[in-house]
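What follows is a single structure, written as structure tokens, with notes after it.
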There are 2 protein chains.
Amino acid sequence: MSSQTTAAESSSQPRYAAIKAHIRAQIESGEWPAHFRVPSENQLAQDFGVSRMTARRALSELTDENVLIRSQGLGTFVAEPVPAGSLLEVRNIADEIAARGHSYAARILKLEQTVAHTEVAVALGLTEGSVVFHSIIVHLDNGLPIQFEERYTSPTLVPEYLQQDFTAATPNEYLTRVAPLTEVDTTVEAIGADEAVGKALEIKAGTACLQIWRRTKSSAGTVSFARLVHPGNRYRLGAQIRF
Amino acid sequence: MSSQTTAAESSSQPRYAAIKAHIRAQIESGEWPAHFRVPSENQLAQDFGVSRMTARRALSELTDENVLIRSQGLGTFVAEPVPAGSLLEVRNIADEIAARGHSYAARILKLEQTVAHTEVAVALGLTEGSVVFHSIIVHLDNGLPIQFEERYTSPTLVPEYLQQDFTAATPNEYLTRVAPLTEVDTTVEAIGADEAVGKALEIKAGTACLQIWRRTKSSAGTVSFARLVHPGNRYRLGAQIRF
DNA sequence: TGTACATTCTTGTATATACAAGTTTGTGGG
DNA sequence: CCCACAAACTTGTATATACAAGAATGTACA
């Protein structure tokens with residue numbers, strides 16, 4: 001078949017690239033706004049004179065790039081642009097979400113007592129094997145997971161931790177209310193989501209995320225040690241830092 | 001054909017997932033170290049009793065997840081694990097790379113005089129339309145792009161900027177040597193790479209990156225305004241922040 | 001009226017096949 | 001010894017086809 005060769009001759013780039021470019025152009029020009037339903041795989045295949053699998057590839061790659069959202073049985077839609085916002089100063093992500101006019105919800109994956117392994121013990125200033133509270137919570141913005149929070153909390157400083165209803169108030173909010181925090185130690189890094197995080201945040205493993213390690217201290221000692229993971233594609237998170 | 005149904009019955013997950021899991025397991029167990037050559041598409045297809053396209057899909061997805069690296073004609077290889085390192089304090093990325101025992105190189109994409117548009121003018125404390133120096137440099141770690149640096153520099157405070165050889169010393173290094181910096185204002189965010197950055201960093205558009213805006217000031221005023229973009233998958237970059 | 005079901009869309013998975021294109025290796029010929 | 005070229009790999013692109021599975025819509029029947 002010479003159709004393949006023809007495409008290569010005319011532009012020296014794969015055919016699916018042309019479809020991607022076309023879709024991008026439509027979105028950038030404002031022709032296709034957010035939530036706009038893009039033509040189906042079959043329609044695009046027909047329009048561009050390619051097979052369904054080629055059109056599908058263009059749609060799939062744009063989905064990976066967070067330009068489109070697909071769902072089986074429904075169709076393919078233009079994704080909402082990622083909002084910008086501050087991050088590291090955020091004390092209560094529920095407020096942050098409410099401030100955007102979105103609905104907040106939480107999914108509690110774990111809330112239990114366990115024993116501290118080395119890393120956690122060091123961070124909390126406890127001896128290895130001490131009892132600690134361990135919680136894993138996923139925070140949702142309009143139903144979409146935007147923060148994975150894994151937290152280890154000192155049972156001596158916050159004894160009532162496990163009795164809290166964290167669907168109402170976030171752990172961070174609760175801690176700032178209960179213990180007067182004097183210091184927050186934060187580390188930021190960019191990582192690829194591991195399997196567990198990917199599953200919880202409903203993103204593909206390997207999707208790059210912003211990971212924040214936060215150690216909150218009160219005058220009595222280290223209260224809590226948290227790992228916060230944000231999918232880089234759902235939120236654009238900023239942080240002002242001064243040296 | 002019932003083979004498809006059989007797979008669905010046994011695990012209710014697609015067949016390529018099994019191949020992905022297998023490869024992941026081999027890598028995690030240490031059986032397949034970094035740079036190990038993974039079986040070819042045809043080999044995997046035969047081993048798992050699937051078609052080449054299905055095996056290919058597994059390899060492609062793992063490549064997107066930065067677990068594997070592929071190159072046409074050569075084969076598929078286990079990717080090097082992303083190194084961890086500090087970031088925001090880094091003054092000279094060339095030193096940082098040398099400290100890892102890697103080779104440093106720079107690609108100068110732009111080094112010229114231009115006029116400041118609004119955003120840049122505000123950041124540098126100049127009037128709109130003023131002359132500024134504009135440079136775009138890609139920093140390479142062992143030949144692999146790991147930082148995209150776009151910088152606007154004040155010509156009154158650093159008049160010799162354009163005459164520098166930035167393959168020898170980085171702009172940041174040069175600036176700290178020339179102007180005594182009193183303050184550094186940094187903003188961090190996670191973004192998806194745009195087309196220009198993607199091309200420069202040799203990553204797919206949409207790949208999440210750590211983006212850093214940095215405004216360096218001396219006693220005389222704002223010296224430079226830089227935008228640094230790191231591919232989240234090549235480097236694991238950390239930053240210690242204290243509140 | 002309303003529920004159950006078939007139809008018809010959509011995207012998702014899987015195969016078989018073909019050729020393009022990049023890399024290495026082996027084989028001759030000069 | 002070295003160069004040229006063919007062969008044998010690799011991954012990359014593209015097609016045609018089939019069926020699975022999710023979601024909406026219309027239709028027939030109770």
Side-chain angles (χ1 to χ4, degrees), chain A residues 1-23 35-79 202-204, chain B residues 1-23 35-64 66-79 202 204:
Chain A
M1 202 118 329
S2 69
S3 48
Q4 218 168 304
T5 325
T6 309
E9 279 167 358
S10 65
S11 61
S12 89
Q13 69 170 356
R15 294 213 206 183
Y16 63 80
I19 305 178
K20 285 178 69 176
H22 173 253
I23 295 173
H35 304 116
F36 178 86
R37 184 195 185 124
V38 311
S40 73
E41 296 175 352
N42 282 320
Q43 188 62 51
L44 281 173
Q46 197 178 315
D47 292 354
F48 283 83
V50 299
S51 75
R52 184 195 149 204
M53 293 314 284
T54 300
R56 175 177 176 71
R57 175 160 186 180
L59 292 175
S60 289
E61 292 203 356
L62 287 172
T63 302
D64 288 344
E65 295 168 24
N66 306 302
V67 175
L68 302 176
I69 292 178
R70 331 191 64 192
S71 93
Q72 190 175 151
L74 264 176
T76 306
F77 305 88
V78 174
E202 295 166 19
I203 54 179
K204 291 202 332 195
Chain B
M1 203 117 330
S2 69
S3 48
Q4 219 167 303
T5 323
T6 311
E9 277 166 4
S10 65
S11 61
S12 89
Q13 68 171 358
R15 294 213 209 181
Y16 62 79
I19 305 179
K20 284 178 69 176
H22 173 254
I23 294 173
H35 303 116
F36 178 86
R37 185 193 185 125
V38 169
S40 73
E41 297 175 352
N42 282 319
Q43 189 62 51
L44 281 172
Q46 197 179 314
D47 292 354
F48 284 84
V50 299
S51 75
R52 184 195 149 203
M53 294 314 284
T54 301
R56 174 176 178 71
R57 174 160 187 179
L59 293 176
S60 288
E61 292 202 356
L62 286 172
T63 303
D64 287 345
N66 305 303
V67 175
L68 301 176
I69 293 178
R70 332 191 63 191
S71 90
Q72 190 175 152
L74 264 176
T76 306
F77 305 87
V78 175
E202 295 166 19
K204 291 202 333 194

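Fair warning: this is a prediction, and the values are worked out from it, not measured in the lab.
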When you measure from the side-chain N and O atoms of A:T54 to the phosphate of D:dT15, is any distance below 4.0 Å, counting only OP1 and OP2? yes
Whole-Å distance between D:dT11 P and B:L62 CG? 13 Å
Of B:V38, B:L44, B:N42, the one forming a side chain to side chain contact (heavy atoms under 4.5 Å, CB included) with B:S40 is B:N42
Atom pair distance, as rounded to whole Å: CD in B:Q13 and P in C:dG12: 17 Å
Phosphate-side-chain proximity, B:R15 and C:dT15, N/O vs OP1/OP2 below 4.0 Å: yes
Tell me whether the OP1 or OP2 atom of D:dA16 has a side-chain N or O from A:R52 closer than 4.0 Å. no
Whole-Å gap separating P (C:dT23) and CZ (B:F77): 12 Å
Check the phosphate of D:dC9 against B:S40, side-chain N and O only, distance under 4.0 Å to OP1 or OP2. Yes or no? no
So the ring pair (Phe, Tyr, Trp, His ring centres under 6.0 Å) pairs with at least one residue in residues 46-71 of chain A (sequence neighbours excluded) are A:H22-A:F48
Please check the phosphate of D:dT11 (OP1 and OP2 only) for any side-chain N or O of B:R56 closer than 4.0 Å. no
The answer to which of A:Q72 and A:E61 contacts DNA chain D further toward the 5' end, by nearest nucleotide, is A:E61
It should be established whether B:S51 places a side-chain nitrogen or oxygen under 4.0 Å from OP1 or OP2 of nucleotide C:dA14. no
Rounded to the nearest 0.5 angstrom, the CD1-CG distance for B:I19 and B:D47 is 9.0 Å
Using the rule side-chain hydrogen bond (donor to acceptor under 3.5 Å, both in side chains), only one of A:R57, A:R52, A:Q46 pairs with A:E41; which is it? A:R52
Can you see if the side chain of B:Y16 gets near the phosphate of C:dA14 - specifically, an N or O under 4.0 Å from OP1 or OP2? no
Shortest non-hydrogen contact between A:F77 and A:H35, atoms and distance: CD2-O, 3.7 Å
Take the protein atom CD1 of A:I19 and the nucleotide atom P of D:dT15, then report the distance between them rounded to whole Å. 8 Å
By nearest heavy atom, map A:T76 and A:M53 onto DNA chain C; which one lands nearer the 5' end? A:T76
Per the atom types in the model, does the base of D:dG12 pair as donor or acceptor with the side chain of A:R57 at under 3.5 Å? no
CG of A:N42 versus P of C:dT11: gap in Å, rounded? 8 Å
